[in-house]
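First up is the structure itself, then whatever we jot down about it.
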Amino acid sequence: MSYMDKSITEIHELLKSKKVTSDELVKEALEKTHEIQDKCNAFVTILDDAKGSEVTDNLLSGIPYGVKDNYSTKGILSTGSSNTLKDYVPFFDATVVEKLNAAGAVKVNKTALDEFGMGGTGTTCHTGAVRNPWDLKRMCAGSSAGSSAAVAAGVYPYALGSDTGDSIRKPAAYCGIVGYKPTYGMISRYGLFPYASSLDHCGVLTRSVLDAAIVTDVIKGKDKNDMTTWDSSKINLEKACTGKVKGKKLCYIKEITDKNRYKNASKELLEHLDNFQKTLDKARELGMIVDEVSVDEKLLRAEPSVYNIISYAEATSNLSNLTGIIFGPRGDGDNYIEMMKDHRTKGFSPLIKRRFVIGSYVLQKENQERYFKNAQRVRRLLVDRWKEIFKDYDAVILPVSQGPAKLLDAPKEELDENTTILEEHLQIGNFGGFPSITIPNGFINNLPVGVNITGNCYDDENVINIAYALESSMDYKNQIVKEVK
Ligand code: GLN
């Protein structure tokens with residue numbers, strides 16, 4: 001009998017009625033972890049000594065889960081999937097992990113990510129690329145690659161992720177699961193390794209919207225250790241899942257979804273966009289109003305550059321403490337400058353180094369006005385446009401990415417001006433700190449694709465409920481990969 005492929009409430013009922021024990025669940029999760037490690041390479045650390053815990057009224061008690069390896073876990077290796085921290089063992093738990101401990105949840109592994117969350121492929125982890133359980137030749141996207149692979153493969157019902165540009169919401173789509181990042185500051189980031197502080201969000205990967213709501217209710221809250229957190233005690237996401245959406249207003253952006261705009265579009269892309277239109281029809285059948293809205297194309301096209309400039313600049317500053325002096329392996333050299341240089345040269349992958357070079361460049365005094373400050377201004381314009389949309393609409397609904405998961409050995413595509421915005425638009429959710437959730441939206445070529453719903457700040461209950469209703473109108477709730485091969 002397997003339990004880890006069930007929903008949180010189902011597992012909780014089974015625990016309560018003593019049909020299964022927490023120890024048995026932990027054993028199953030660990031066995032699956034090893035099986036998936038062999039196939040998908042999804043984990044940095046496997047906690048083979050994990051023990052079951054007491055079952056209480058808390059829905060998460062006694063149930064195993066996974067932690068992305070950029071969360072600090074007390075006494076447990078926490079690497080950020082980087083060689084610069086390959087031996088780092090924190091002496092404290094991230095607030096989120098502390099809250100899950102208090103709830104009686106049981107962590108069974110630490111999951112692999114693109115180094116420090118910087119990347120969207122799940123291939124730059126110091127432990128090697130993560131493979132997609134739906135097709136092992138394909139990537140999971142990233143950076144929350146290991147967490148997504150594990151949840152999709154049925155290792156446990158949920159795992160922690162983090163999202164600076166789309167790192168929860170894109171791998172969720174590629175793995176056919178749910179990925180949710182709530183409003184900025186709803187979940188404390190204390191103990192999460194920072195990447196770009198003005199964009200970083202904690203969040204969850206699950207197999208249903210209700211499970212995402214249940215976990216987020218437990219881990220959210222104001223934290224004295226993170227001054228960006230706010231009081232969300234009146235928000236109850238689980239209760240918000242009513243499915244009552246009649247009269248709710250959704251919109252999609254013409255410049256992103258109109259297939260006539262994509263010259264030389266692949267068959268896959270056209271199918272993906274048609275599939276999205278069918279989902280809009282489902283929303284209409286549920287009684288929601290769905291309109292098309294137009295956004296200045298120039299503004300949309302500026303979005304990826306704005307993201308790169310701001311996130312690289314903030315990352316350069318945030319990660320300057322990685323010198324090998326305080327944490328991580330010591331570098332070689334005759335003095336501390338040489339030692340730091342050696343540590344960083346050997347420790348970071350080329351992708352990260354490139355980002356630091358660009359980040360330093362845009363932060364240089366003479367370049368700041370032209371690049372960094374201008375990027376901030378365009379960020380503001382994009383956020384203002386989205387806020388204007390939210391005056392008339394409950395949420396923006398858009399397809400995730402250009403289609404299903406890409407092959408791991410696919411030739412690196414040149415950035416295609418036409419499709420970049422389709423690939424990168426989720427980052428606007430980070431610019432504005434908007435609550436944003438991806439849910440499965442069927443299959444193209446037998447591979448899962450996703451649809452995203454993004455609403456206004458603090459309107460998480462509404463966003464979650466819209467996603468819940470839409471999910472209920474489709475057949476992809478609680479889906480898992482039946483056989484990973
Ligand atoms: N793919 C984006 C990047 O490379 C987003 C990563 C993230 O959200 N952590 O920065």
Side-chain angles (χ1 to χ4, degrees), residues 67-71 79-82 94 96 111-125 129-130 139-148 159-175 179-184 187 189 192-205 303-319 348-359 362 375 379 400-402 405-406 412-413 415 419-438 450 452 454:
V67 186
K68 188 174 175 179
D69 209 29
N70 58 349
Y71 282 86
T79 68
S81 278
S82 176
V96 169
T111 64
L113 58 143
D114 281 301
E115 187 174 6
F116 289 121
M118 285 184 233
T121 58
T123 61
T124 67
C125 331
V130 180
M139 60 177 66
C140 289
S143 63
S144 308
S147 289
S148 304
L160 296 175
S162 64
D163 190 312
T164 304
D166 52 18
S167 271
I168 286 176
R169 295 161 291 152
K170 197 189 269 183
Y174 277 23
C175 291
Y180 169 50
K181 79 156 193 69
T183 299
Y184 185 76
I187 303 176
R189 293 175 301 172
L192 173 77
F193 299 172
Y195 160 11
S197 310
S198 78
L199 304 164
D200 290 345
H201 294 65
C202 295
V204 291
L205 292 135
E303 185 277 331
S305 313
V306 170
Y307 174 79
N308 290 349
I309 292 171
I310 295 173
S311 69
Y312 297 179
E314 291 186 19
T316 303
S317 163
N318 272 331
L319 277 75
F348 292 124
S349 68
L351 183 129
I352 306 284
K353 286 180 195 156
R354 183 173 167 272
R355 291 190 179 198
F356 291 156
V357 171
I358 298 170
V362 301
R379 172 182 182 170
V400 178
S401 185
Q402 298 176 57
K406 299 184 179 78
K412 245 195 153 182
E413 297 151 52
L415 269 189
T419 47
T420 307
I421 188 62
L422 182 53
E423 200 58 60
E424 309 286 343
H425 65 81
L426 292 180
Q427 294 163 355
I428 297 167
N430 302 71
F431 290 174
F434 302 134
S436 184
I437 184 165
T438 291
N452 179 269
T454 296

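Keep in mind that this is a model prediction, so the values were computed, not measured. Remember, it's 1-based here, ligands and their atoms both numbered in the order they're listed.
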In terms of relative ring orientation, are F348 and F356 parallel, tilted or perpendicular, with 30° and 60° separating the classes? perpendicular
Could you walk me through whether R355 and E115 satisfy the salt bridge (charged side-chain N to carboxylate O under 4.0 Å, His left out) test, starting with their C-alpha distance in whole Å, then the side-chain angles of each, then the deciding distance to 0.1 Å, before giving a yes or no? CA-CA 12 Å; R355 291 190 179 198; E115 187 174 6; over 6 Å; no
Work out whether the distance between some heavy atom of R355 and some atom of ligand 1 is less than 4.0 Å. yes
Looking at S167, P171, A141, the heavy atom closest to atom 7 (C) of ligand 1 belongs to S167
Determine whether the side chains of T121 and K406 contain a donor N or O and an acceptor N or O closer than 3.5 Å. no
Quick check on contacts: which atoms of ligand 1 are under 4.0 angstrom from a heavy atom of G120? 1 (N)
One finds that the ligand 1 atoms under 4.0 Å from a non-hydrogen atom of G165 are 5 (C), 7 (C), 8 (O)
Applying the side-chain contact (heavy atoms from CB on, under 4.5 Å) criterion to C125, which one of L113, V130, D69 satisfies it? V130
Could a heavy atom of S143 be found less than 4.0 Å from some atom of ligand 1? yes
Among all the protein's non-hydrogen atoms, which is closest to atom 3 (C) of ligand 1, and how far away is it? Y307 OH, 3.4 Å
Which ligand 1 atoms, with their elements, are less than 4.0 angstrom from a heavy-atom of Y195? 3 (C), 9 (N), 10 (O)
Pairwise side-chain contact, E423 with D166, heavy-atom cut-off 4.5 Å (strictly under): no
In terms of atom number and element, which parts of ligand 1 are under 4.0 angstrom from non-hydrogen atoms of G117? 6 (C), 7 (C), 9 (N)
At under 4.0 Å between heavy atoms, is it the side chain or the backbone of I168 that contacts ligand 1, or both, or neither? neither
Will you find, in the side chains of K68 and S144, an N or O donor that is under 3.5 Å from an N or O acceptor? yes
Can a side-chain donor-acceptor contact be found between D114 and T124 if the only test is distance below 3.5 angstrom? yes
So if I count the atoms of ligand 1 from 1 in the order they appear, which ones are less than 4.0 Å from some heavy atom of G119? 1 (N), 3 (C), 4 (O), 6 (C)
